Every structure is written in C-alpha cells, then in structure tokens.
There are 2 protein chains.
Amino acid sequence: MTSTAVSSRDLPHPTRGEIRLEGVLHALSDPLRLQIVRELAAVGDELSCSHFDLPVTKSTTTHHFRVLRESGVIQQIYRGTAKMNGLRKDDLDGLFPGLLDALLDAAARQAVRPGGA
Amino acid sequence: MTSTAVSSRDLPHPTRGEIRLEGVLHALSDPLRLQIVRELAAVGDELSCSHFDLPVTKSTTTHHFRVLRESGVIQQIYRGTAKMNGLRKDDLDGLFPGLLDALLDAAARQAVRPGGA
DNA sequence: CGGCTCGTACGATAAGCATCGTAGTACGGG
DNA sequence: CCCGTACTACGATGCTTATCGTACGAGCCG
C-alpha cells in the first residue's frame, strides 16, 4: 500500500497557514534551538533527536523539539523507536521568502565572530 | 556648534559587536515590538515614544522600548522632553546582511494574510 | 518473554517577562 | 517659579518558560 503509516503515534503540527512569524522568531531566539535548526539545515536531511548532543537532559531536549514543532519550524515523525526531525523549509520559504536563509546566514556569521559561539 | 550634546541624560546601548542574533529575534518575537519596528522602518526616520498608540500603559511601553534598545534593534536619544527612536539599520545590515529586510518583508506578508493581524 | 533504547508525561522549581499603578524626574513654557 | 508634558523607576502580580528528576510507554532484538 501507498500509505505512509510509519507509526501509530503521530504528532500535532501547525498547518502552513497557522505558522506565525512571532512564533518562529521566539522559537529561534533560544541558542539551543537555533543550534538545532542550523544543524538540520546543514545536513539538509532528517535527523533523530538522539543525534544531537545537547548540554541538557533528555526531558529538556524533548521540550525544545516540541517548541520547534509547534511553532512550525520543524516537522517530526516517528520511525520505529527513533523520532526524526526535518526542517519545514518549503513551508517557511513559501510563507516568508528569504527569511530562513537570512536567519541561517546571520547565525553563521555570528558563529565566526570573535567570541561568537 | 557641531556637537550633538542633545541632553545630559544618555541611554546605554550595545555596541555593534555586542548585538546578538538571539537577542534581536527575542525582541522581535513580541507582536507589539515587531509592530514598533515595522512602523519605524516604514517612516525611515526617528519617532518619539508618544507617537505610537499602543494598547498598553506608558510603563509597559517604556519596557518594550528598552528591550528593543538593549537588544540593539533601535537607538534612543533624548531630544528635549521627547525620546526619539530610530532603527539601527546600518548596524543590523552590517552584522546580518539581508536579515532586517527579510524580517520586515515576512511581517508585511503575514499582515496581509487572511486574519493576519 | 525480558530487557534495552528512545523518547514522553508529569510534577516541581526557579527564573524570566508582560503588565499594571503609583510616585518621581527632566525639560520646556507661561 | 510653577505647571504641564514626556518619560522613568520601582514594586507587585500573574503567566510563561527552561530546567530537572522520576516514572512510564513504544518499539526492537535476543
């Protein structure tokens, strides 16, 4: 069959039209979450939650991924025991052309600044 | 004389190098503050605090302007009894080329969305 | 089945923040 | 000098959020 029933568990996502700029900016105003998004953009593919080595506990990591999902920045899907995360680049580009690239570029520039990390 | 000693009171601003992307995003993730910045960008000039007709008290207005100033998004200067506010467009463009324009464009697009305000 | 790993849910806690009201300061004008 | 206007400072309050720990649920593998 053609259905993509990857798992019985599925997660609530905002539709494209429900994504709010303020929510996106708030989601990205946290250094950890900005870091996650940068990494997702760099690989250009889905990554499991456990791929990220963040300086917080697993509970907190779950929380940050949820904020990113509920703001519409990433989409999440269970694949077996792993939860894969992907940037919603098409939706963001459709809503706010050029914004994501400008944000990623800005983050990259700041990262190479003296004492930028 | 050419000096710009507008007032004895002066306000602390971050230098260009101290401006952090996360701080800018956080400042703009509030609808009121985003609105203020949009208005400043639209007129392309300085505006007094009292020019803005915001649905909050003056105390709260002061607070929002301070957040914008301390994050490096605007610069503030006393001119007589008025406090003028100006976008730090040059600094933001220098640090994060294209970001401010992308953000303003994104906000404008969202504003014309069905139920976007 | 039993156990392992990945991730969630829930409760607690501490910090941050948006908001207000009141009292106060700085400046300009009569 | 006194008053009005513009804005600030401070304290209170209630909401949101970042963080943790522990206990739990879902899927995989032997």
Side-chain angles (χ1 to χ4, degrees), chain A residues 4-13 20 22-37 39-40 46-86, chain B residues 4-13 20 22-37 39-40 46-86:
Chain A
T4 44
V6 183
S7 164
S8 54
R9 296 177 284 177
D10 56 64
L11 302 154
H13 290 77
R20 304 275 320 169
E22 297 90 325
V24 171
L25 297 184
H26 174 247
L28 297 182
S29 70
D30 181 284
L32 247 50
R33 294 194 291 255
L34 184 57
Q35 174 66 30
I36 290 171
V37 168
E39 213 157 324
L40 282 175
E46 294 184 332
L47 290 175
S48 73
C49 288
S50 55
H51 168 271
F52 297 87
D53 190 29
L54 302 173
V56 290
T57 65
K58 275 196 298 183
S59 304
T60 307
T61 300
T62 297
H63 160 70
H64 284 304
F65 274 108
R66 179 168 35 199
V67 172
L68 286 171
R69 171 168 47 83
E70 292 180 345
S71 68
V73 176
I74 66 171
Q75 91 230 43
Q76 298 190 290
I77 180 179
Y78 283 103
R79 191 163 301 161
T81 161
K83 187 157 82 169
M84 304 304 290
N85 306 275
Chain B
T4 44
V6 184
S7 165
S8 55
R9 295 179 283 177
D10 57 63
L11 301 153
H13 290 76
R20 304 277 316 169
E22 297 90 326
V24 172
L25 298 184
H26 173 248
L28 298 182
S29 69
D30 181 283
L32 247 51
R33 293 193 292 255
L34 183 57
Q35 173 68 28
I36 290 171
V37 168
E39 212 158 325
L40 282 174
E46 295 185 331
L47 290 176
S48 73
C49 289
S50 55
H51 168 271
F52 297 87
D53 191 28
L54 301 173
V56 290
T57 65
K58 275 197 296 185
S59 304
T60 307
T61 301
T62 297
H63 160 70
H64 284 305
F65 275 107
R66 178 168 34 198
V67 172
L68 286 171
R69 170 169 47 84
E70 290 179 347
S71 68
V73 176
I74 66 172
Q75 91 229 48
Q76 299 190 290
I77 179 178
Y78 282 103
R79 192 162 300 161
T81 159
K83 187 157 83 168
M84 304 304 290
N85 305 276

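No hydrogens, no waters, no symmetry mates; every other heavy atom, side chains included, goes into these values. The chains referred to below are lettered A, B, ... by the order of the sequence lines, with proteins before strands, and numbering in each begins at 1. Bear in mind that the values here come from a model prediction, so they are computed numbers and not experimental data.
Contact annotation: B:R33 side-chain N/O to C:dA18 OP1/OP2 distance is under 4.0 Å. B:T81 has no side-chain polar atom (N or O) that falls below the 4.0 Å cut-off from OP1 or OP2 of D:dT5. At D:dC20, one or more side-chain N or O atoms of A:T57 fall inside 4.0 Å of OP1 or OP2 (strictly under the cut-off).
Between A:F65 atom CZ and D:dA18 atom P the separation is 14 Å, expressed in whole Å. To the nearest angstrom, P of D:dT17 lies 16 Å from CG of B:L25. Protein atom CZ of A:F52 is 10 Å distant from nucleotide atom P of C:dG7, rounded to whole Å. At whole-Å resolution of the value, CG in B:N85 and P in D:dC7 are 8 Å apart. What separates CD1 of B:I36 from C1' of D:dC7 is a distance of 14 Å, to the nearest Å. Look at OH on A:Y78: it is 18 Å from P on C:dT5, rounded to the nearest Å. Atom-to-atom, NE2 of B:H51 to P of D:dC7 comes out at 12 Å; the value is rounded to the nearest Å. For the pair A:H64 NE2 and D:dA18 P, the interatomic distance rounds to 6 Å; values are reported in whole Å.
Scanning both residues, B:N85 and B:S48, for their nearest heavy atoms gives ND2-C, 3.7 Å.
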Given side chain to side chain contact (heavy atoms under 4.5 Å, CB included), test A:T61 with A:F52 step by step and report yes or no.
CA-CA 9 Å; A:T61 300; A:F52 297 87; 5.9 Å; no
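Side-chain atoms of A:H26 lie closest to D:dT17 of the nucleotides D:dT19, D:dT17, C:dC20. Listed nucleotides: D:dC20, D:dC7, C:dT19. Nearest to the side chain of B:S48: D:dC7.
Side-chain N or O atoms of B:R69 include none that pairs as donor or acceptor with a backbone N or O of B:Q75 at under 3.5 Å. The backbone N or O of B:Q76 sits less than 3.5 Å from a side-chain atom of B:H13, completing a donor-acceptor pair.
Looking at which nucleotide of DNA chain D each of A:H63 and B:S50 is closest to, the 5′-most match is held by B:S50.
From A:L34, atom CG reaches atom CG of A:L28 across 6.0 Å, with rounding to the nearest 0.5 Å. Atoms CE and CD1, from B:M84 and B:I74 in turn, are 11.5 Å apart once rounded to the nearest 0.5 Å.
Residues from residues 66-75 of chain A placing a heavy atom under 4.0 Å of any atom in DNA chain C, listed by number, are A:R66.
Checked by atom type, the side-chain pair A:S59/A:T62 shows no donor-acceptor distance below 3.5 Å.
Evaluation of atom-type donor-acceptor distances gives a pair under 3.5 Å for the side chain of A:S59 against the base of C:dA9.
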